[in-house]
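Have a look at the structure below before the remarks.
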Amino acid sequence: MSEEKETTPTNFIRHIIDADVKAGKNEGRVATRFPPEPNGYLHIGHAKSICLNFGIAEDYQGTCNLRFDDTNPHKENTEYIEAIKEDVRWLGYDWGQRLFFSSDYFDQLYGYAVELIKAGKAYVCDLDADAIRAYRGTLTEAGRASPYRDRSVEDNLDLFARMKAGEFEDGARVLRARIDMAAPNMNMRDPTLFRIRRGVVHHQTGEAWCIYPMYDFTHPISDAIEGITHSLCTLEFEDHRPLYDWVLDNISIACHPQQIEFSRLNLEHTVMSKRKLTELVNDGRVQGWDDPRMPTLAGMRRRGYTPKSLRMFCDRIGVTKSDNVVEMGVLEACVREDLNDNAPRRMAVLRPLEVEIDNYPEGEGEVIEAANHPQNEAMGSRQLSFSRRLYIDRNDFREEASKKFKRLVTGGEVRLRNAYVIRCDEVIKDAQGEIVKLRCSYDPKTLGAKPEGRKVKGVIHWVSQDHALEAEVRLFDRLLHHPSPDTATDGGGFKDQINPESLSSLRGCFLEASLSGAQPGEVFQFEREGYFCVDKDHSPAQPVFNRTVTLRDSWAKIDPPRKSQ
RNA sequence: UGGGGCGUAGCCAAGUGGUUAAGGCACCGGAUUUUGAUUCCGGCACUCCCAGGUUCGAAUCCUGGCGCCCCAGCCA
């Protein structure tokens, strides 16, 4: 019952902020922002950024804005906006009144572009996309000046106004910064600032605009307008920082946030790019953004991951600038830790094997009180029905086995969890030799008491046949075979790595009756099996549970599961 | 010598010239256990990419290598 909340470990960004606060920079104020583009669902990598930005705001008595970076109406929509808001809230963060859109600043962005033009620092370029690319040069050769680079301020002002007025077709012209075509940093070779997108309806601004600003122009200005002090982003934007600074240094805005870059999260056996996740969804390789195998927050929520476990994970992985691939084990340890404390215990038999207790009176039964948590009495108890006919798990019986196998064997005894010790007297098989039923006997003196004169090592779970609820239980495995599918050397892309057995659905599972009122989202520990949550497909008539994660299983190391699932 | 970044255990990660080189995950023992769970206790880097150098003293400073990542969208 770990009540102590984990304190967020420090990192290089916090060191920088500490120094800034101490030096009185920004009057000691700290303001961050989380700036998703609404073109997909949030994933665990975004959670890292959310926890960083909102976490810093909390710890420094600062603020963190939620800002939708919505400058590309082509790819964005309101479904994503709503999903992102829900995910941030679910993770446990509150942006209060500080919800913004880059599109809120379109007028100002246009105005700053005009400033740049007037200062001779931006120009309208008539080159098409291919030509711009050709003029840009390569990584090792300088670019050449566009023929339109030296247009007069008047012409540029006129043309830019007409771009805005919708006089030109998509792609006909762009507004470019006038910086340095020979810069070793490609981002400084006269980057595009505005492009024409006519006839698209923007989810926020409708048809008000037919020119849209680019990220490199929008982001620094949006940050500055909001008074952000520390603009945290991932490493691939490091090369953009000179441009971020250039924009703010060349317009009439006083605020100049500091951009600091950290490395993105990579998780073993999954992919973290929105493009690839979108592909999985669109190709039907998964059942949607909230498929429990997806590393999306929606998927993980459906799978049974808790907000606390994700926050704990983000604390544990740290924030640095080094490339990293985090093992799934870290994530799993986080959910187990949270759920071990907080998930009520239940019994469920996933691969049922019939047991009949011959010396238990036919037609009778009893009710047994069982604790909801072995270490936490405050979690109360529930009632279990015991009777002559039970189910146990097929994996908990072997006709013969070595001493290491502590479960039920022919002629051997085992403890039924919360109930009696039983002995297996006879194994009944069908014509194919398949075990269909076990005839057992029980020791009536072993309810809540140790058996006399012998030791019974094993404990297995069970449910009463007459009282059980039939259910579907879904088990999940890694989505992709390779630990880092992006760097898999063999063959093509990450899709070659897809694990066709990542989802297995077990039907005809039996649950203890107390689970009948379970609601979607509720999480339980099915003893000896793992943590399971009620799926959104669930109904009382057709229960569906998802396995969030198994329990740690040291037996599996001794006796590795043989494709048995 | 195109530019930018990174290199501490199997994985993540502290460390900022003097510490026995934190911590977590994983792993390996062992104790307790009506969950092979939990909990507890113990182990797990004579060495920090490599090679030189500076220094009484280097993971930390200097020099030279090596390896990996990012950048040539009118995406973000």
Side-chain angles (χ1 to χ4, degrees), chain A residues 6 9-11 15 35-37 39 69 71-72 74-75 125 127-129 132-134 136-143 170-176 183-189 191-197 212 214-216 218-219 233-242 261 263 265 268 274-275 312 315-334 336-337 340-341 345 347 373-375 404-407 415-419 421 446 448-450 456-461 483 487 525-530 550-559:
Chain A
E6 277 190 34
T10 191
N11 58 52
H15 288 320
E37 184 187 13
N39 68 342
D69 207 351
T71 56
N72 188 358
H74 232 88
K75 294 184 174 176
C125 183
L127 258 24
D128 64 24
I132 286 181
R133 188 178 316 117
R136 187 154 35 224
T138 69
L139 294 176
T140 52
E141 299 160 46
D170 287 13
R173 290 176 224 263
V174 292
L175 183 75
R176 292 227 254 166
N185 180 344
M186 300 292 278
N187 295 303
M188 301 300 271
R189 322 245 260 229
T192 301
L193 267 23
F194 271 86
R195 76 290 210 178
I196 301 170
R197 286 285 176 274
Y212 289 92
M214 300 287 288
Y215 167 86
D216 283 315
T218 309
H219 210 83
C233 63
T234 44
L235 240 37
E236 67 271 24
F237 292 102
E238 206 153 22
D239 285 344
H240 295 242
R241 190 179 350 122
E261 312 83 11
S263 52
L265 166 67
E268 281 191 347
K274 261 197 245 178
R275 198 206 92 225
M312 204 186 290
D315 281 346
R316 288 186 187 183
I317 59 174
V319 178
T320 67
K321 298 186 71 150
S322 36
D323 291 334
N324 61 84
V325 184
V326 177
E327 292 173 345
M328 277 292 180
V330 181
L331 228 199
E332 293 175 345
C334 291
R336 288 192 185 114
E337 193 171 318
N340 177 52
D341 287 350
R345 312 286 122 128
M347 290 198 287
H373 193 292
Q375 282 87 29
K404 292 201 169 185
F405 188 79
K406 304 200 302 201
R407 287 112 97 149
R415 158 79 62 184
L416 293 178
R417 176 76 168 148
N418 294 310
V421 168
T446 54
K450 296 208 186 301
V456 173
K457 275 188 299 183
V459 180
I460 65 174
H461 57 283
T487 59
Q525 184 194 103
F526 290 174
E527 288 190 285
R528 302 207 314 127
E529 290 286 355
T550 61
L551 257 30
R552 275 186 67 218
D553 185 3
S554 52
W555 168 245
K557 287 171 195 162
I558 303 164
D559 185 71

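Chain A is the first sequence line, chain B the second, and so forth, proteins listed ahead of strands; every chain is numbered from 1. Note that the structure is a prediction, hence the values are computed from the model and not measured.
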*Do A/E37 and A/N72 come within less than 4.5 Å of each other through their side chains, counting heavy atoms only?*
yes
*OP1 or OP2 of B/rG36 less than 4.0 angstrom from a side-chain nitrogen or oxygen of A/K557, does that happen here?*
no
*asked:* Using Watson-Crick or G-U wobble geometry with both distances under 3.5 Å, which nucleotide pairs with B/rA13?
replied: none
*What closest approach, in Å, do A/R417 and A/P374 show between heavy atoms, and which atom pair accounts for it?*
NH2-CB, 4.5 Å
*Roughly how far apart are A/R189 CZ and A/R136 CZ, rounded to 0.5 Å?*
8.5 Å
*Given that A/T140 and A/L416 both sit by RNA chain B, which one's nearest nucleotide is further toward the 5' end?*
A/T140
*Are any of A/T71's side-chain N or O atoms less than 4.0 Å away from OP1 or OP2 of B/rC75?*
no
*Check the distance between B/rU35's P and A/F526's CZ and give it to me in whole angstrom.*
19 Å
_Pair of N/O donor and acceptor under 3.5 Å linking B/rU35 base with A/R528 side chain_ = no
*Is the shortest side-chain N/O distance from A/H15 to OP1 or OP2 of B/rG15 below 4.0 Å?*
yes
_Quick check: do A/L416 and A/V421 have side-chain heavy atoms less than 4.5 Å from each other?_
no
*So does A/E261 reach the base of B/rG5 with its side chain, donor to acceptor, closer than 3.5 Å?*
no
*Determine which nucleotide pairs with B/rA21, using a 3.5 Å limit on both distances of a Watson-Crick or G-U wobble pair.*
none
*For B/rU63, give its Watson-Crick or G-U wobble partner with both distances under 3.5 Å, or none.*
B/rA51
*Has the side chain of A/E529 got a donor or acceptor that lies under 3.5 Å from a partner of the other kind on the base of B/rU35?*
no
*Watson-Crick or G-U wobble partner for B/rG2, using a 3.5 Å limit on both distances?*
B/rC71
_Between CG on residue A/N418 and CD on residue A/E527, distance to nearest 0.5 Å_ = 6.0 Å
*For atom NE2 of A/H219 and atom C1' of B/rA76, their distance in whole Å*: 9 Å
*B/rG36, B/rU34, B/rC74: which one has an atom nearest the side-chain heavy atoms of A/I132?*
B/rC74
_Both A/R173 and A/P374 contact RNA chain B. Taking the nearest nucleotide for each, which residue is further toward the 5' end?_
A/P374
_Checking base pairs now: Watson-Crick or wobble, both atom distances under 3.5 Å. What partners B/rA76?_
none
*Indicate, with a heavy-atom threshold strictly under 4.0 Å, whether A/A419 touches base, sugar-phosphate, or nothing.*
base
_From B/rG3, B/rG36, B/rC6, nucleotide with atom closest to A/K321 side chain_ = B/rC6
*Does OP1 or OP2 of B/rC75 have a side-chain N or O of A/R195 closer than 4.0 Å?*
yes
*Send over the distance from A/L193 CG to B/rG73 C1', rounded to a whole Å.*
14 Å
_Nearest to the A/M186 side chain among B/rC25, B/rA72, B/rA76, which nucleotide is it?_
B/rA72
*Assigned partner base of B/rC40, Watson-Crick or wobble definition, under 3.5 Å*: B/rG30
*Can you tell which of B/rC75, B/rU38, B/rC70 lies closest to the side chain of A/Q375?*
B/rU38
*For A/R133 and B/rG73, is the shortest distance between a side-chain N/O and OP1 or OP2 below 4.0 Å?*
yes
*Could you check which of B/rG36, B/rU38, B/rA72 has an atom nearest any side-chain atom of A/T138?*
B/rA72
*Considering Watson-Crick and G-U wobble pairs with both distances under 3.5 Å, what does B/rA58 pair with?*
none
*Looking at every strand, decide which applies to A/V421 at a 4.0 Å heavy-atom threshold: base, sugar-phosphate, or nothing.*
nothing
_Qualifying residue, where the test is side chain to side chain contact (heavy atoms under 4.5 Å, CB included) with A/E261 and the options are A/L235, A/D239, A/T234_ = A/L235
*asked:* Is there, by distance only and without an angle test, a donor paired with an acceptor across the side chain of A/D239 and the base of B/rG3 below 3.5 Å?
replied: yes
*Decide, applying a 5.5 Å centre-distance limit and a 30° plane-angle limit (both strict), whether A/Y215 stacks on B/rA76.*
no
*Atom-to-atom span, CZ of A/R552 to P of B/rA37 - whole angstrom*: 7 Å
